[in-house]
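Protein chains get the first letters and strands the later ones, always in sequence-line order, with residue 1 at the start of each.
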Amino acid sequence: MFFTETILTADKLTKTFKLSAKQQRLEKTKNKTITAVDGLSFSVNEGEIFGLLGPNGAGKTTTLRLLATLIRPDSGDAFIKGFSIVKEPEKVRENIGFLTSDLRLEDFFTPNYLYDFFARLHNVPEEISAERKKRLFDTFGIGDFAEVKVGNLSTGMKQKASLAISLVHDPSVIIFDEPTNGLDVITAKVVTDFLKELKRNGKTVIISTHIFSLIEKVCDRVGVIINGRMAVCDTIQNVADGKSLEDSFFDIYSERVGGEV
Amino acid sequence: MKSAVFAVFKKELKRFFSDRRMVITTLLLPGLLIFVMYNFMGNAVTNMIDGGEEKYVINAVNIPKSIKMITEQEQIGFEINETDISELQAVKDSLKDGEECDACVVFPEDFDTAVSRYDSHSGEKAPEIKIYYNSSSAQSAAAYQTLISMLDMYESSMINKFDINTGNEVYDLVDNKDMTGQVFSMLLPMLLMMFLYSSCVSVVVEAIAGEKERGTIATMLVTPAKRSHIAIGKIASLSLIALLSASISTVCTIASLPALMGAESEMISGGVYGIKDYLLTALIILSTVLVMISLILIASAFASSVKEAQTYIIPIMIIVLAAGISGMFGNPPDRSALYLIPLYNSVQCMSGIFSFNINYANIVITVISNTVYTGLGIVILTRLFNSERVMFSK
């Protein structure tokens with residue numbers, strides 16, 4: 001595998017959140033803030049699939065939200081295709097596709113209408129949008145339910161519609177937060193196959209997950225995040241170091257957090 | 001990127017007009033209810049004034065000829081049953097039970113002679129009429145009041161020295177224009193503000209707090225569309241829907257005001273206003289809707305659910321109500337500075353237009369200041385869309 005250009009660089013990204021009194025009680029802490037991402041630096045090469053691996057609450061979703069410009073870092077910056085997430089968020093959004101379970105489609109509309117709506121928000125010319133829609137709808141088999149309101153679709157159908165809609169503008173960097181979460185095995189396979197196809201088409205994909213098999217199947221490199229910090233960032237082979245990725249992860253986790261897992 | 005404004009505008013309109021339930025409850029039902037309610041209220045008031053077809057059953061003991069003649073007139077709705085004094089106790093019992101009769105009047109024997117002989121300066125006790133009734137029965141209480149009025153009028157007529165306005169001439173020199181101006185300027189600004197507010201609330205709260213609650217607004221925020229364009233698209237589309245809803249309610253109000261005003265109905269007509277008056281009103285309403293939509297959008301942007309948003313907008317409702325009520329008292333003020341106060345300025349301008357006291361300078365101040373406030377609203381809303389604490393609060 002040979003990657004030349006760096007398409008994304010995260011430089012000491014830091015993000016803290018204020019804790020309410022209730023959250024302080026739940027977290028059993030007296031600290032008024034919690035650091036979700038703590039000086040995170042990593043880079044992603046053009047055309048690779050990069051995985052962020054970590055337990056729940058490690059800061060994976062926050063990192064992806066920072067990269068998608070939905071939230072701003074307290075300090076540090078990240079550059080996607082040379083555009084700063086802090087200074088040029090609109091330029092960044094033009095170049096990325098972002099999919100997370102937090103972003104939902106309006107139940108009232110059909111996938112067909114929503115595809116066209118988001119294509120207009122992304123300023124995609126109509127002819128290109130129509131041609132791309134046909135291709136994406138064929139890939140995900142959306143044609144059968146393209147005119148059914150989102151509210152009446154199954155979880156898998158909604159995920160397929162969301163995937164297609166996140167790609168209306170043919171972004172060069174695609175960011176997926178837990179892309180196979182809650183999906184049945186068939187739909188999950190459609191999604192993983194699609195991630196590989198995106199790579200074949202020269203796209204850069206960043207996914208966050210805590211599913212080891214997904215990382216092993218699709219990723220070229222992986223970054224292990226623990227407590228908001230990058231513990232390891234390397235190719236799968238180097239991180240696994242002759243063991244399974246799962247065993248290697250638990251070793252890294254024990255080393256960082258302390259104690260047996 | 002202007003296409004983003006248009007895309008959001010079109011999406012909001014499609015969301016509204018494709019939802020039959022929303023169209024019926026927001027557009028058609030309020031207007032229909034206003035029309036039915038005002039006609040019903042008007043008819044009820046008219047019936048109350050006319051006394052309706054109701055006849056009161058009165059038992060009368062020793063009824064004199066003079067009174068009998070009066071009660072036989074058709075306008076007075078009495079059915080008189082002449083009763084002997086020996087039956088008085090039985091009649092009183094039936095009144096207690098609310099049966100058979102509505103009141104019982106007992107005149108002194110030879111009432112007419114006693115009245116004509118009576119000298120009010122003599123110090124003697126005047127002839128006394130006794131009226132028995134049952135105040136727990138609305139019918140009996142009304143019969144009692146009607147009897148009192150009739151007997152008072154009879155008493156006044158006996159010492160009559162002069163009359164006022166008894167001829168067939170028209171004494172009230174008010175014309176249609178003045179009457180309509182008075183009624184419309186007092187009622188319409190307040191009603192319009194209420195219609196505008198309720199129209200705005202029904203669509204706006206759903207469009208921001210509802211989207212936040214369902215997680216659909218973030219999907220829009222991750223596109224390169226400018227936050228300000230999303231805000232403008234929302235404000236423009238929601239204003240159009242609110243205007244349409246308020247216009248239907250206004251037309252229904254103007255159509256049913258004559259019925260509501262009952263006796264004066266013939267004097268009241270929206271036809272006394274010219275196209276210029278209606279255009280000026282439309283201009284004021286448009287600028288008011290923009291301000292209201294901006295205020296409600298901002299308040300509901302802070303809420304994480306529709307239910308929470310309903311609580312946040314209560315202060316706005318109180319301000320709208322207070323502004324609306326201000327139009328019911330006195331003439332619009334002349335001080336131009338007062339027309340910088342949003343909502344209040346709209347009410348006073350409308351009051352001026354409906355009472356034919358148009359002050360163009362104040363209307364210009366109102367429209368310009370409302371436009372500036374809407375611009376500020378867009379800026380604030382854009383900031384809120386950029387604020388992760390507001391947009392992603394749980």
**Message:** Could you tell me if the side chain of K14(B) sits less than 4.5 Å from the side chain of F109(A), heavy atoms only?
**Reply:** yes
**Prompt:** Going by heavy atoms in the side chains, are N123(A) and P224(B) under 4.5 Å from each other?
**Reply:** no
**Message:** Minimum heavy-atom separation for F108(A) and R15(B), please, with both atom names.
**Reply:** CD1-NH1, 3.3 Å
**Prompt:** Can you name the closest pair of heavy atoms from V222(B) and F98(A) and give their distance?
**Reply:** CG2-CD2, 3.6 Å
**Asked** Where does N386(B) contact chain A at under 4.5 Å (heavy atoms): side chain, backbone, both or neither?
**Response** neither
**Message:** Around atom CG of D74(A), are there more than 12 heavy atoms from other residues, nucleotides or ligands closer than 6.0 Å?
**Reply:** yes
**Asked** Can you say whether K18(A) sits under 4.5 Å from chain B via the side chain, the backbone, both, or neither, judging by heavy atoms?
**Response** side chain
**Request:** Sorted by first residue and then second, give each salt bridge (Lys or Arg N to Asp or Glu O under 4.0 Å) pair with at least one member in residues 232-255 of chain B; sequence neighbours left out.
**Result:** E12(B)-K234(B), E211(B)-K234(B)
**Prompt:** Under 4.5 Å between any side-chain heavy atoms of L70(A) and L221(B), yes or no?
**Reply:** yes
**Smallest separation among heavy atoms of T216(B) and L105(A), with atom names** = CG2-C, 3.5 Å
**Message:** Using modelled atom types and a 3.5 Å cut-off, is there a donor and acceptor pairing between side-chain atoms of T219(B) and backbone atoms of R104(A)?
**Reply:** yes
**Item:** Close side-chain approach of K10(B) to F117(A), heavy-atom, < 4.5 Å
**Value:** no
**Request:** Might you confirm whether atom CZ of R132(A) has over 12 heavy atoms from other residues, nucleotides or ligands at distances under 6.0 Å?
**Result:** yes
**Asked** How many angstroms lie between NZ in K11(B) and CG in L114(A), if you round to the nearest 0.5 Å?
**Response** 8.0 Å
**Request:** Go through the steps for R93(A) and T223(B) under the test side chain to side chain contact (heavy atoms under 4.5 Å, CB included), then give the verdict.
**Result:** CA-CA 6 Å; R93(A) 288 197 289 267; T223(B) 68; 5.9 Å; no
**S18(B), part contacting chain A, at a heavy-atom distance under 4.5 Å** = both
**Prompt:** Would one find more than 12 heavy atoms of other residues, nucleotides or ligands at under 6.0 Å from atom CZ of R214(B)?
**Reply:** yes
**Message:** Ignoring hydrogens, what is the shortest heavy-atom contact between A7(B) and R120(A)? Give both atom names and the distance.
**Reply:** CB-CB, 3.9 Å
